[in-house]
Amino acid sequence: MRKNIVAGNWKMNKSLAEGIQLAKDVNVAVEAAGALKCDVVVAPPFLHLTEVSKVTGPKVSVSAQNCAAEASGAYTGEVSAAMLQSANIPYVIIGHSERRSYYGETDAILAKKADLALINGLKPIFCIGEELSQRDSGKYFDVVGQQIENGLFHLSANDFAKAVIAYEPVWAIGTGRTATAGQAQEVHAFIRKTIAAKYGEEVAGNTTILYGGSCNENNARELFACPDIDGGLIGGASLVADKFIRIVTSF
Ligand code: PEP
């Protein structure tokens with residue numbers, strides 16, 4: 001059966017010292033929480049990754065927020081999937097809407113990133129989601145269907161099965177306007193159906209699909225109770241250990 005996951009995307013927040021402290025606080029709280037119904041992942045900025053790995057135990061995994069679309073070479077400022085693997089980082093977020101919109105990351109670029117992540121043994125957390133105008137014009141199924149198809153459907157079933165999907169409607173990210181549980185479940189069910197049509201029911205049933213977009217300690221329980229929502233990718237609320245843990249324990 002598929003895993004539940006709650007992943008915290010810290011984005012470009014926290015000094016190194018603050019990040020280490022947050023990771024320690026999350027780790028202590030996760031240990032204190034006893035048996036959890038989900039895996040816990042934190043995604044700090046690149047600079048913090050190895051230090052955060054040192055202060056987190058086996059119940060907290062670490063993720064990068066991005067990786068390069070090229071394997072190595074003259075790409076100033078980039079960090080490769082191989083480098084992440086060499087630092088024992090197990091996850092990488094790919095295709096966050098901020099990467100898509102501010103840095104022009106197209107489906108084709110994201111497909112290359114997914115390939116490099118998988119070649120290097122990383123688990124991609126692959127983000128998809130429609131913008132507000134696409135929601136309002138009723139095109140959201142087409143948009144998320146295209147994003148997953150263009151970004152991931154070139155993979156073998158074996159490789160696809162290593163990926164985690166994060167449905168993050170852009171209009172809900174950082175806006176405080178969460179998708180209702182009904183809106184999120186509708187799209188998650190569509191994503192699972194789309195995966196089943198390509199890879200079969202078994203792969204679809206085993207794929208973890210996270211919801212992201214203003215998910216917090218007050219709405220996580222209702223969202224996570226939906227049959228096709230397997231956890232969350234959490235932005236703002238992951239920056240405060242106490243809030244993050246209340247989301248983690250919402251299953
Ligand atoms: C995100 O950026 O992945 C996210 C879900 O942000 P927030 O929770 O702040 O909306």
Side-chain angles (χ1 to χ4, degrees), residues 1-7 9 37-39 41 43 61 63 67 81 90-97 99-100 105-131 134-135 138-170 172-173 179-213 215 223-234 251:
M1 256 323 266
R2 59 186 178 260
K3 273 186 194 175
N4 294 324
I5 299 175
V6 173
N9 175 13
K37 298 203 177 105
C38 65
D39 289 0
V41 177
S61 299
S63 175
C67 69
Y91 287 92
V92 58
I93 297 171
I94 292 177
H96 190 280
S97 67
R99 301 293 320 172
R100 290 177 186 264
E105 295 193 357
T106 60
D107 287 346
I109 290 171
L110 299 174
K112 283 171 76 180
K113 293 189 178 203
D115 288 344
L116 285 162
L118 289 162
I119 287 167
N120 288 286
L122 305 173
K123 294 187 195 71
I125 300 173
F126 195 88
C127 302
I128 56 179
E130 80 283 359
E131 292 174 6
Q134 295 164 327
R135 159 95 11 200
K139 294 205 180 100
Y140 50 103
F141 288 132
D142 291 346
V143 172
V144 298
Q146 286 288 303
Q147 287 172 334
I148 193 167
E149 188 176 329
N150 295 341
L152 295 178
F153 278 6
H154 61 288
L155 298 174
S156 67
N158 199 30
D159 273 346
F160 181 86
K162 295 170 191 152
V164 171
I165 309 298
Y167 169 59
E168 300 206 302
V170 180
I173 295 180
T180 64
Q183 286 173 321
Q185 166 57 26
E186 180 189 38
V187 180
H188 281 235
F190 167 77
I191 293 167
R192 205 176 299 287
K193 205 174 83 189
T194 305
I195 296 168
K198 169 74 181 171
Y199 292 110
E201 293 291 343
E202 191 180 341
V203 171
N206 287 331
T207 301
T208 297
I209 308 176
L210 309 181
Y211 169 76
C215 181
L223 287 159
F224 296 174
C226 296
D228 289 294
I229 300 181
D230 309 313
L233 181 55
I234 316 298
F251 284 99

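Values reported hereafter were calculated over all heavy atoms of this structure, with side chains retained and with hydrogens, waters and symmetry mates removed.
- A side chain to side chain donor-acceptor pair (under 3.5 Å) check over residues 107-118, counting only residues at least two apart or in different chains, returns the pairs N66-K113, E70-K112, R100-D107, E105-K113, D107-N150, D115-H154.
- Residue L116 comes nearest to A81 through the heavy atom pair O-CB, 3.5 Å, listed as atom of the first residue, atom of the second, then distance.
- Under the ring-ring contact (aromatic ring centres under 6.0 Å, His included) criterion, F126 pairs with no residue at all, not counting sequence neighbours.
- Atom CD of E149 has more than 12 neighbouring heavy atoms from other residues, nucleotides or ligands inside a 6.0 Å radius.
- Residues F153 and I195 approach most closely at CZ-CA, 4.1 Å, considering heavy atoms.
- Taking H188 as the reference, Y167 meet the ring-ring contact (aromatic ring centres under 6.0 Å, His included) condition, with sequence neighbours excluded.
- Put simply, CG on L110 and CD1 on I128 are 11.5 Å apart, with the number rounded to the nearest 0.5 Å.
- Looking only at distances, a side-chain donor or acceptor of R192 sits under 3.5 Å from a matching main-chain atom of A204.
- The heavy-atom pair separating I93 from S63 by the smallest distance is N-OG, 3.6 Å.
- In this structure, the side chains of L152 and I165 come closer than 4.5 Å at one or more pairs of heavy atoms.
- With a 4.5 Å cut-off on side-chain heavy atoms, K139 and E130 do not count as touching.
- Atom NZ of K162 and atom CG of L122 lie 11.0 Å apart (nearest 0.5 Å).
- The heavy-atom pair separating L223 from A181 by the smallest distance is CD2-CA, 3.9 Å.
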In a table with atom names and distances, give each donor-acceptor pair under 3.5 Å that connects a side chain of residues 140-148 to protein atoms at least two apart or in another chain.
from, atom 1, to, atom 2, distance (Å)
Y140, OH, E186, OE1, 3.2
Q147, OE1, G129, N, 2.7
Q147, NE2, G129, O, 3.4

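- With sequence neighbours excluded, the residues satisfying side chain to side chain donor-acceptor pair (under 3.5 Å) with D39 are K3.
- Between C127 and E168, the shortest heavy-atom distance links the atoms SG-OE1, 4.0 Å.
- A distance of 4.5 Å separates CD1 in I173 from NE2 in H96, rounded to the nearest 0.5 Å.
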Note to self: Walk me through whether I209 and D228 qualify under side chain to side chain contact (heavy atoms under 4.5 Å, CB included).
What the structure shows: CA-CA 7 Å; I209 308 176; D228 289 294; 5.6 Å; no
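- Considering only heavy atoms from C-beta on, I5 comes within 4.5 Å of L210 through its side chain.
- Residue I119 holds its CD1 atom at 8.5 Å from CG of D159, rounded to the nearest 0.5 Å.
- The structure places CG of L118 at 8.5 Å from OG of S156, a figure rounded to the nearest 0.5 Å.
- With sequence neighbours excluded, no residue forms a side chain to side chain donor-acceptor pair (under 3.5 Å) with N206.
- Taking every heavy atom of both residues into account, G212 and P169 meet most closely at O-CD, 3.3 Å.
- Aromatic pair F224/Y211: ring centres not closer than 6.0 Å.
- For the atom pair OH of Y199 and CG of N158, the computed distance is 10.5 Å after rounding to the nearest 0.5 Å.
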